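Read through the structure below, which is laid out as structure tokens, and then see the notes.
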Amino acid sequence: MYRTHTCGELRIEHINNTVTLSGWVQKMRNLGGMTFVDLRDRYGLTQLAFNMETNAALCEQARKLGREFVVKVEGTVQERSSKNPKMPTGDIEIKVEILSILNKSVTPPFTIEDETDGGDELRMKYRYLDLRRNPVRKNIELRHRMAQEVRRYLDAQKFIEIETPVLIKSTPEGARDFIVPSRMNANQFYALPQSPQVFKQLLMVAGYDRYFQIVKCFRDEDLRADRQPEFTQIDCEMAFVEQNDILDTFEGLARHLFKNILNVTLEDKFPRMAYDQAMTLYGNDKPDLRFDMKFVDLTDLAKQKDFVVFNQAEYIGGICAEGCAGYSRKELDAMTQFVQKPQIGAKGLIYVKYNEDGSIKSSVDKFYTEEDLMAWVELFKAKPGDLLLILPGERNKTLPQLSELRLEMGERLGLRDRKKFVPLWVVDFPLLEWDEDSQRFHAMHHPFTSPKTEDVPLMETDPGKVRANAYDLVINGVEIGGGSIRIFDEDLQKKMFDLLGFTPEEAQDQFGFLMNAFKYGAPPHGGVAFGFDRWVAMFAGIDSIRDVIAFPKNNSGRDVMIDSPSPVAQAQLDELFLKMVQPK
RNA sequence: GGUCUGGUAGUUCAGUUGGUUAGAAUAUCGGCCUGUCACGCCGAGGGUCGCGAGUUCGAGUCUCGUCCAGACCGCCA
């Protein structure tokens with residue numbers, strides 16, 4: 001037998017018990033006459049004590065252990081003569097009687113400690129060692145508990161978990177597909193799913209009216225800290241529901257997870273905000289509502305004087321940064337540089353200081369009187385001591401720039417508290433967005449999203465104005481999930497494909513199976529998918545989803561541990577009728 | 001596809017206007033030490049300065065190219 005207990009469970013009440021423990025050598029402390037060894041497993045640390053006086057041979061053996069050796073010990077639990085209140089097992093130690101080395105270890109390339117000395121790259125290469133560290137293990141365990149709670153909640157709501165295929169068909173819409181060549185079907189390819197979208201809709205047609213799956217999805221696009229080529233969704237679909245039924249059901253899921261994992265009670269009804277309003281007030285379709293700082297539209301008021309920068313601007317908007325009137329020239333310059341970064345791209349930043357003493361100082365004093373500026377201050381509802389930050393320009397460029405500025409100010413003012421959680425449903429997304437490159441409309445959500453009934457006539461006259469029955473769940477400015485009520489009518493779906501620029505033949509070729517299915521009694525249905533990795537990262541209080549994935553890929557989509565992707569043998573290529581081409 | 005930052009001991013980093021033998025901490029190894037738990041003390045080994053070219057009497061340092069890593073933009077229905 002390898003163990004009677006884990007390394008995390010022995011306490012003072014186990015004194016005099018004879019126990020067997022197995023684990024890894026975390027640390028050795030050789031004091032000469034005595035040697036202490038910290039033994040580690042998933043559950044904790046237990047101190048092993050060896051004494052030269054009582055058993056010299058055993059103590060000599062213990063001194064030869066190295067970091068990360070795997071050992072089994074048998075011995076007696078004894079009370080420590082000097083206890084360690086920082087450790088759960090700090091009151092006891094094992095007086096070892098038998099020590100067996102189960103496996104040796106070479107010296108690990110970095111220290112297996114909470115604060116490791118290893119850099120990211122090295123820890124990725126030796127991920128199996130990094131996973132031994134507490135902070136990483138905690139994230140993986142958190143992920144497990146969240147997955148279990150998702151299943152518990154959805155099962156109680158009569159959802160059933162159904163697996164869908166991974167080798168499916170490539171479709172032109174959306175992200176780039178990963179493709180898999182077929183050996184048995186020469187020159188034909190499977191694609192890995194970007195999501196199980198069409199399968200879950202087919203399950204609705206099949207009458208499985210509440211489906212879910214915690215499932216891998218694949219998108220061959222460039223990566224970020226919060227994006228991986230393969231990622232996990234909580235994928236859900238319901239039949240015989242309207243938008244509100246879905247929002248209520250999944251608000252329930254969110255509340256369940258927050259309560260059972262973080263012990264955070266969220267409000268009973270999540271606020272809902274139309275997409276247009278989110279863009280106007282926050283310049284962003286996923287506003288962070290942990291703080292207010294709404295945009296104020298200054299366009300009309302500011303255009304009354306001889307200031308050409310404003311008079312030429314389509315839109316002038318600003319935010320009120322509370323208590324920032326005391327900002328120095330240096331701080332204001334830093335803010336200006338922030339909005340001028342290429343990623344943000346504003347030309348400049350205008351400020352108005354509403355000082356504590358009621359006086360006003362601005363960067364546009366030459367063009368506006370104190371009375372003019374006082375009218376701005378009133379429009380912003382600013383208090384003495386506040387600072388107005390204003391950006392002019394094209395509306396659809398300035399709103400996102402102002403959003404970046406708002407988030408930066410929120411950060412500087414400490415308003416983005418990681419312990420605070422503010423959920424929001426953003427609803428009424430546009431059905432389509434115009435794509436300049438291809439000179440056609442793209443589906444903003446996906447091609448199966450239903451337009452709002454009252455907007456259907458606009459599909460003929462002004463497709464860009466059509467709103468969709470689509471919604472995103474946003475928490476703290478992070479898009480946690482999104483979904484829509486689907487089209488379940490064959491004719492409407494055809495019209496949608498037509499708007500997206502598919503010929504009837506192309507639509508039939510790509511999505512014929514779905515439209516055929518709709519001929520056989522498709523129920524009204526809709527669903528939602530949550531980015532599970534992002535949700536776990538948020539609960540873990542971190543920004544990178546890599547830290548909540550056991551074996552993540554790097555920036556370039558490589559797994560540096562197994563070194564993939566990698567070339568394959570010529571014979572494999574031949575079997576698949578593939579030929580290599582040298583990249584330019 | 002683009003912008004920016006970085007690459008020096010096993011590891012994390014420092015390295016001055018371009019100038020002697022490239023340092024520190026930690027890890028590793030050896031010695032001492034009977035209550036440590038970031039043990040302590042003494043000592044030792046450990047470097048193609050990512051790679052290639054160039055400028056120079058002289059390059060870790062400057063220039064160009066290249067590879068790798070990270071962040072961001074484009075992209076991601």
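Each chain gets a letter, A, B and so on, in the order the sequences are listed, and its residues count up from 1. For clarity, every value in this text was computed on a predicted model and none was experimentally measured.
- In the interface, the side chain of Arg219(A) is not paired with the base of C75(B) through any donor and acceptor atom under 3.5 Å apart.
- Nucleic acid contact for Thr107(A): sugar-phosphate only, since backbone atoms but no base atoms lie under 4.0 Å from a heavy atom of the residue.
- In this structure, Asp222(A) places its CG atom 13 Å from P of A71(B), rounding to the nearest Å.
- Closest approach to the Glu221(A) side chain among A69(B), C75(B), G35(B) is made by C75(B) (side chain taken as heavy atoms from C-beta onward).
- Regarding Leu122(A), its CG atom lies at a distance of 16 Å from the P atom of A27(B), rounded to whole Å.
- Minimum atom distance to the side chain of Glu121(A) is reached by A69(B), of the listed C37(B), G10(B), A69(B).
- Among the heavy atoms of the strands lying under 4.0 Å from Ser195(A) is at least one base atom, whether or not backbone atoms are also near.
- Checked for salt-bridge contact, Lys286(A) and Glu479(A) miss the test: no charged N lies under 4.0 Å from a carboxylate O.
- If you check every strand for non-hydrogen atoms under 4.0 Å, Phe36(A) touches a base.
- Judged by distance alone with a 3.5 Å cut-off, a donor-acceptor contact links the side chain of Arg227(A) to the base of C76(B).
- With respect to Asp498(A) and Lys495(A), no salt bridge is recorded, no charged nitrogen being found less than 4.0 Å from a carboxylate O.
- A donor N or O paired with an acceptor N or O is not found under 3.5 Å between the base of C68(B) and the side-chain atoms of Arg558(A).
- In this structure, of A38(B), C72(B), C76(B), it is C72(B) that holds the atom nearest to the side chain of Gln343(A).
- For A44(B), the paired base is U28(B) (Watson-Crick or G-U wobble, both distances below 3.5 Å).
- Remark: Asp333(A) does not engage Lys330(A) in a salt bridge, criterion side-chain N to carboxylate O under 4.0 Å.
- If you check residues 45-65 of chain A against RNA chain B, the residues with a heavy atom closer than 4.0 Å are Gln47(A), Asn51(A), Glu53(A), listed by number.
- Distance noted for atom C1' between G30(B) and G46(B): 15 Å (whole Å).
- Remark: A71(B) base-pairs with U3(B). Criterion, Watson-Crick or G-U wobble with two distances under 3.5 Å.
- Protein atom CG of Asp38(A) is 11 Å distant from nucleotide atom C1' of A38(B), rounded to whole Å.
- For U63(B), the paired base is A53(B) (Watson-Crick or G-U wobble, both distances below 3.5 Å).
- Asn554(A) comes within contact range of the sugar-phosphate backbone alone, with a heavy-atom separation under 4.0 Å but no base atom that close.
- Spacing between atom NZ of Lys286(A) and atom P of C76(B) amounts to 14 Å, rounded to whole angstrom units.
- Taking the nucleotide of RNA chain B with the nearest heavy atom to each of Asp117(A) and Gly174(A), the more 5' of the two is matched to Asp117(A).
- Under 4.0 angstrom from either OP1 or OP2 of U26(B) there lies no side-chain N or O belonging to Thr111(A).
- Here C37(B) is the nucleotide among C37(B), U34(B), C72(B) with the atom lying nearest to any side-chain atom of Arg80(A).
- The existence of a salt bridge linking Lys465(A) and Asp462(A) is confirmed by a sub-4.0 Å separation between a basic side-chain nitrogen and an acidic carboxylate oxygen.
- Side-chain N/O atoms of Arg29(A) include none lying less than 4.0 angstrom from OP1 or OP2 on U36(B).
- Backbone-only contact: Arg546(A) has heavy atoms under 4.0 Å from sugar-phosphate atoms and none from a base.
- In terms of position on RNA chain B, the residue among Glu93(A) and Ser544(A) whose nearest nucleotide sits closer to the 5' end is Glu93(A).
- Looking at heavy-atom distances under 4.0 Å, Lys125(A) makes no contact with the nucleic acid at all.
- Partner of Asp177(A) under the side-chain hydrogen bond (donor to acceptor under 3.5 Å, both in side chains) criterion, chosen from Lys169(A), Gln194(A), Arg219(A): Gln194(A).
- Within the 4.0 angstrom heavy-atom criterion, no nucleotide atom of any strand lies near Lys341(A).
- Comment: Glu68(A) does not engage Lys104(A) in a salt bridge, judged by the lack of any side-chain N to carboxylate O separation of less than 4.0 angstrom.
- Nucleic acid contact class of Pro447(A) (heavy atoms, under 4.0 Å, all strands): base.
- A salt bridge links Asp235(A) to Lys200(A): at least one charged side-chain nitrogen sits closer than 4.0 Å to a carboxylate oxygen.
- To the nearest angstrom, C1' of C37(B) lies 14 Å from CG of Leu39(A).
- Between Asn84(A) and U36(B) there is no side-chain N or O to OP1 or OP2 distance below 4.0 Å.
- Note on Arg224(A): every side-chain N or O is 4.0 Å or more away from OP1 and OP2 of G70(B).
- Ion pairing between a basic and an acidic side chain is recognised when a charged N comes within 4.0 Å of a carboxylate O; Lys125(A) and Glu121(A) show no such pairing.
- Among the protein residues, Leu223(A) comes within range of no part of the nucleic acid, since none of its heavy atoms lies under 4.0 Å from any strand.
- When side chains are defined from C-beta on, Val198(A) does not count as touching Thr171(A), because their heavy atoms never get closer than 4.5 Å.
- In this entry the distance linking NZ of Lys27(A) with P of U26(B) reads 11 Å, nearest Å.
- Following rounding to the nearest Å, Arg176(A) (CZ) and G74(B) (C1') show an atom-to-atom distance of 11 Å.
- Pair assignment for C76(B): none, as no Watson-Crick or G-U wobble contacts are both less than 3.5 Å.
- Lys95(A) places its NZ atom 19 Å from the P atom of U36(B), with the value rounded to the nearest Å.
- Distance check on atom C1': C4(B) versus A9(B) gives 29 Å, rounded to whole Å.
- Within the nucleic acid shown, Arg67(A) comes within 4.0 Å of sugar-phosphate atoms alone, with no base atom in reach, counting heavy atoms only.
- Sorted by first and then second residue, the salt bridge (Lys or Arg N to Asp or Glu O under 4.0 Å) pairs with a member in residues 42-53 of chain A read Arg42(A)-Glu141(A); sequence neighbours excluded.
- For Leu31(A), taking side-chain heavy atoms from C-beta onward, the closest of the listed nucleotides C76(B), A71(B), U36(B) is U36(B).
- Base pairing of U34(B): no nucleotide in any strand meets the Watson-Crick or G-U wobble criterion (both distances under 3.5 Å).
- Between Lys341(A) and Glu404(A) there is no salt bridge, since no side-chain N of the basic residue sits under 4.0 Å from a carboxylate O of the acidic one.
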